[in-house]
Amino acid sequence: MKNILDAPFVRGMMKTTANMYRLGWDERNGGNISVMLDENEVAEYLDLNNVIRKIDMGFDAKPLIGKIFIVTGTGKYFKNVEDDPENNLGIIRVASDGVTADLLWGYSDGGRPTSELPAHLMSHISRLSVNPENRVIMHSHPTATLALTYVHELDEKKFTHSLWQVCTECMVVFPDGIGVLPWMVCGTNEIGIATAEKMKEFRLVIWALHGIYGCGKDLDEAFGLIETVEKAAQLYLMTASFPRVNTITDPDLVEIAKAFKVEYRKDFLNL
Ligand code: 2HA
Ligand code: ZN
């Protein structure tokens, strides 16, 4: 059996959480990540018959029965994952009842998966239904993105449009736009259901006055989506108090979409 601390999926979580922490996106226990793993790959590192303990998830994830995920722990700090992955991360498998998780590795101090597990697993179900390649759900509190939700209308079209307009890359990176949820209590099944519903349509979902969700086929893709939104939010806020002399126009946005051959939300433009 290979050493789990060398597994690319553990190394990837260590590197990504460290990056996100250093960018100032994930203060204290802020943020959480889940990645769906390949069973055969995990079996190179762990005995899949060895269940350390059972964890009650408190919601139904039946479409994911048997699926294995690496998930950040509740109350754990992204800052600390790199130094102690076995305590701050866990590998769980959705058990045959759909409401219990088998702990296969990690959460070594008796911990549990992130409090946002409902939003994560329900979002995995949504994304897999529209893109079978999806593996990652990522939640974070990037500063400028969060700040923007205090001063910008929480309308999906207007929010997306404002960001598309300040950064040429945005139309290419998230042509499908950004879903926006109003402020809600976090950590609940309700916000999980609402997030998952948006995830059927969007790869990015804003939690107003809280943070953002992104997804993708790997950690880089989910991270890159959030990173691009955050960059655009910074540019928007840096320029918001000055008269806008230049901007990327709607015809320009159409040109970008054509040049990069991306399908975009045409109803998010004002043409
Ligand atoms: O895990 O970010 O939304 C801490 C949070 C809750
Ligand atoms: Zn959060």
Side-chain angles (χ1 to χ4, degrees), residues 1-59 61 64-96 99-121 123-124 135-141 186-187 211 213-223 226:
M1 198 85 46
K2 297 195 218 168
N3 182 352
I4 183 98
L5 296 179
D6 297 330
F9 46 84
V10 174
R11 311 287 318 169
M13 291 291 272
M14 290 159 69
K15 194 172 142 202
T16 304
T17 48
N19 258 336
M20 294 170 78
Y21 173 68
R22 274 192 285 274
L23 285 164
W25 298 357
D26 296 281
E27 74 293 342
R28 201 173 180 272
N29 63 320
N32 26 76
I33 306 176
S34 61
V35 184
M36 193 169 92
L37 304 177
D38 177 63
E39 186 181 306
N40 293 325
E41 192 182 357
V42 180
E44 294 175 25
Y45 301 91
L46 295 175
D47 174 1
L48 299 182
N49 295 316
N50 182 26
V51 176
I52 299 169
R53 57 190 153 93
K54 297 257 178 197
I55 297 173
D56 177 23
M57 299 196 294
F59 63 96
L64 298 174
I65 288 171
K67 299 290 185 202
I68 300 174
F69 297 86
I70 187 164
V71 189
T72 51
T74 184
K76 301 294 192 246
Y77 295 16
F78 273 24
K79 174 172 80 72
N80 297 336
V81 173
E82 212 171 21
D83 286 337
D84 193 0
E86 186 159 2
N87 190 29
N88 294 290
L89 303 173
I91 296 181
I92 58 169
R93 177 177 55 208
V94 179
S96 53
V99 296
T100 310
D102 296 334
L103 180 65
L104 301 176
W105 176 81
Y107 307 143
S108 58
D109 66 357
R112 291 176 47 85
T114 170
S115 57
E116 305 297 355
L117 195 66
H120 278 257
L121 293 195
S123 292
H124 275 286
R135 294 291 177 272
V136 177
I137 301 291
M138 183 180 283
H139 167 61
S140 184
H141 304 162
C186 54
Y213 268 76
C215 64
K217 65 179 188 318
D218 54 28
L219 286 165
D220 265 356
E221 189 171 278
F223 180 88
I226 294 175

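On a predicted model such as this, the values are computed, not experimentally measured, just so you know. All residue numbers refer to positions in the sequence shown, counting from 1.
- Between the S115 side chain and the T74 main chain, no donor and acceptor come within less than 3.5 Å of each other.
- Between I65 and S96, the shortest heavy-atom contact is CD1-O, 3.3 Å.
- Taking the side chain as every heavy atom from C-beta outward, I33 and F78 approach each other to under 4.5 Å.
- Counting only heavy atoms from C-beta outward, the side chains of L117 and R112 never approach each other to under 4.5 Å.
- Put simply, CE on M36 and CZ on R135 are 4.0 Å apart, with the number rounded to the nearest 0.5 Å.
- Distance CG/N88 to CG/N80: 5.5 Å, rounded to 0.5 Å.
- The existence of a salt bridge linking K76 and D109 is confirmed by a sub-4.0 Å separation between a basic side-chain nitrogen and an acidic carboxylate oxygen.
- Of the residues T17, D26, T114, the one that meets the side-chain hydrogen bond (donor to acceptor under 3.5 Å, both in side chains) test with N32 is T114.
- Residue Y21 places its OH atom among 12 or fewer non-hydrogen atoms of other residues, nucleotides or ligands, all under 6.0 Å distant.
- Of all non-hydrogen atoms in L46 and M1, the two that sit nearest each other are N-SD, 3.4 Å.
- Smallest separation of non-hydrogen atoms from G187 and E116: N-OE1, 2.9 Å.
- Pairing each heavy atom of Y45 with each of P8, the nearest pair is OH-CD, 3.4 Å.
- Rounding to the nearest 0.5 angstrom, the gap separating the CD1 atom in I91 from the OH atom in Y107 is 9.0 Å.
- Around CD of E44, the count of heavy atoms belonging to other residues, nucleotides or ligands within 6.0 Å exceeds 12.
- The distance from atom CD1 of I137 to atom OG of S123, rounded to the nearest 0.5 Å, is 5.0 Å.
- Using a 4.5 Å heavy-atom threshold, the side chains of E86 and W105 count as touching.
- Using a 4.5 Å heavy-atom threshold, the side chains of T16 and M20 count as touching.
- The NE2 atom of H139 sits 14.5 Å away from the SG atom of C215 when rounded to the nearest 0.5 Å.
- At least one side-chain heavy atom of M57 sits under 4.5 Å from a side-chain heavy atom of L121.
- The two atoms that bring V71 and S34 nearest to each other are CG2-CB, 4.1 Å, heavy atoms only.
- Pairing each heavy atom of G216 with each of A222, the nearest pair is N-CB, 4.1 Å.
- For the pair L219/M138, a side-chain contact is recorded, criterion being any heavy-atom separation below 4.5 Å from C-beta on.
- Using a 4.5 Å heavy-atom cutoff, the side chains of F9 and I68 are not in contact.
- For an aromatic pair to be called close, the ring centres must be under 6.0 Å apart, and H120 with F69 fails this.
- Between the side chain of D102 and the backbone N or O of V51, no donor-acceptor pair lies under 3.5 Å.
- Using a 4.5 Å heavy-atom threshold, the side chains of I226 and W25 count as touching.
- With L104 as the fixed residue, the side chain to side chain contact (heavy atoms under 4.5 Å, CB included) test singles out one of L48, D47, L37: L48.
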